[in-house]
Amino acid sequence: MTVVREILDVVAIGFLLLGSVMALAAGVGLVRFPDVISRLHAGTKPQVAGVLLIMVGGAIRLAGTPVVWMLLLGGLLQMLTVPVSAHMISRIAYRRRHVREDLLVVHEAGFAGLADLQDDPPGDQPADAPRDQGDSG
């Protein structure tokens, strides 16, 4: 049985190292990317994957103990909460015009197609937010 345990330890170390590299990539992306949307992408996808890989490695190493259920619960909560919080942060950043619109491919929430609109509709943007060149009004 010691050979099987040693093989499982090597696999667990592989998962732990891969998860650590993914979490490091998320941290580097948070520092290096230019705007809020890009940073959220870097902070959510590789971070969740890294945490899940670390938890899988820990679960393999700690197999047969009650801690495995807590790792499973932690991974489930990561998958549920991180995308929702990133969505809310990006929504607020977009509404308050803290994004670089030149990096956006499609302006789906814009009002450029409504010619009869005199001003921007009320929203969450601050009153002193700079107006874009393409805005009518």
Side-chain angles (χ1 to χ4, degrees):
M1 274 308 226
T2 59
V3 174
V4 172
R5 190 72 221 162
E6 288 178 11
I7 291 172
L8 287 177
D9 283 346
V10 170
V11 170
I13 288 172
F15 276 116
L16 290 170
L17 288 175
L18 188 60
S20 299
V21 168
M22 294 290 287
L24 178 66
V28 169
L30 285 174
V31 174
R32 299 278 301 171
F33 283 163
D35 66 335
V36 175
I37 306 297
S38 300
R39 288 180 183 157
L40 282 174
H41 177 77
T44 55
K45 296 188 190 262
Q47 185 265 340
V48 170
V51 167
L52 290 177
L53 288 172
I54 290 172
M55 289 185 180
V56 167
I60 290 172
R61 179 67 182 99
L62 301 171
T65 62
V67 176
V68 174
W69 292 106
M70 285 189 273
L71 291 173
L72 179 66
L73 180 62
L76 180 67
L77 289 174
Q78 281 286 312
M79 289 192 316
L80 290 175
T81 58
V82 171
V84 172
S85 63
H87 170 74
M88 295 307 294
I89 291 170
S90 65
R91 183 177 172 186
I92 290 169
Y94 184 80
R95 286 185 174 183
R96 292 187 179 243
R97 299 180 184 157
H98 292 293
V99 295
R100 289 182 48 193
E101 292 197 17
D102 60 322
L103 296 178
L104 295 177
V105 176
V106 176
H107 192 322
E108 293 177 355
F111 296 94
L114 301 175
D116 59 340
L117 208 59
Q118 294 298 323
D119 202 359
D120 284 339
D124 292 337
Q125 64 267 24
D128 59 347
R131 296 187 54 91
D132 293 334
Q133 297 293 344
D135 284 347
S136 61

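All values derive from a computational prediction rather than experimental measurement.
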Nearest-0.5 Å distance, CD1 of residue Ile89 to CD1 of residue Ile37: 10.0 Å
Taking every non-hydrogen atom, the tightest pair across Arg39 and Gly29: CG-O, 4.3 Å
Shared hydrophobic cluster, Val56 / Met22 (ILVMFWY, side-chain heavy atoms < 4.5 Å): yes
Within-4.5 Å side-chain heavy-atom neighbours: Thr44 and Pro83: no
Heavy-atom pair with the smallest gap, counting every atom of Leu77 and Thr81: O-OG1, 2.7 Å
Closest non-hydrogen atom pair, Ser38 against Phe33: O-CD1, 3.2 Å
same_hphob_cluster(Ile60, Leu73) at 4.5 Å side-chain heavy-atom cutoff: no
Single-linkage hydrophobic cluster, 4.5 Å side-chain cutoff, Val4 and Phe15 together: yes
Value rounded to 0.5 Å, distance of CG in Leu8 from CD1 in Ile13: 11.0 Å
Distance in Å, Met70 CE paired with Thr65 OG1, rounded so as to fall on 0.5 Å steps: 8.0 Å
Single-linkage hydrophobic cluster Leu72~Met79, side-chain heavy atoms < 4.5 angstrom: no
Side chain to side chain contact (heavy atoms under 4.5 Å, CB included) between Arg61 and Asp9, worked out: CA-CA 6 Å; Arg61 179 67 182 99; Asp9 283 346; 3.2 Å; yes
Same cluster (ILVMFWY, side-chain, under 4.5 Å), Val51 and Val67: yes
Minimum heavy-atom distance between Gly57 and Ala12, given as atom pair plus value: O-CB, 3.4 Å
Val36 to Ala93 - nearest heavy-atom pair and separation: CG1-CB, 3.6 Å
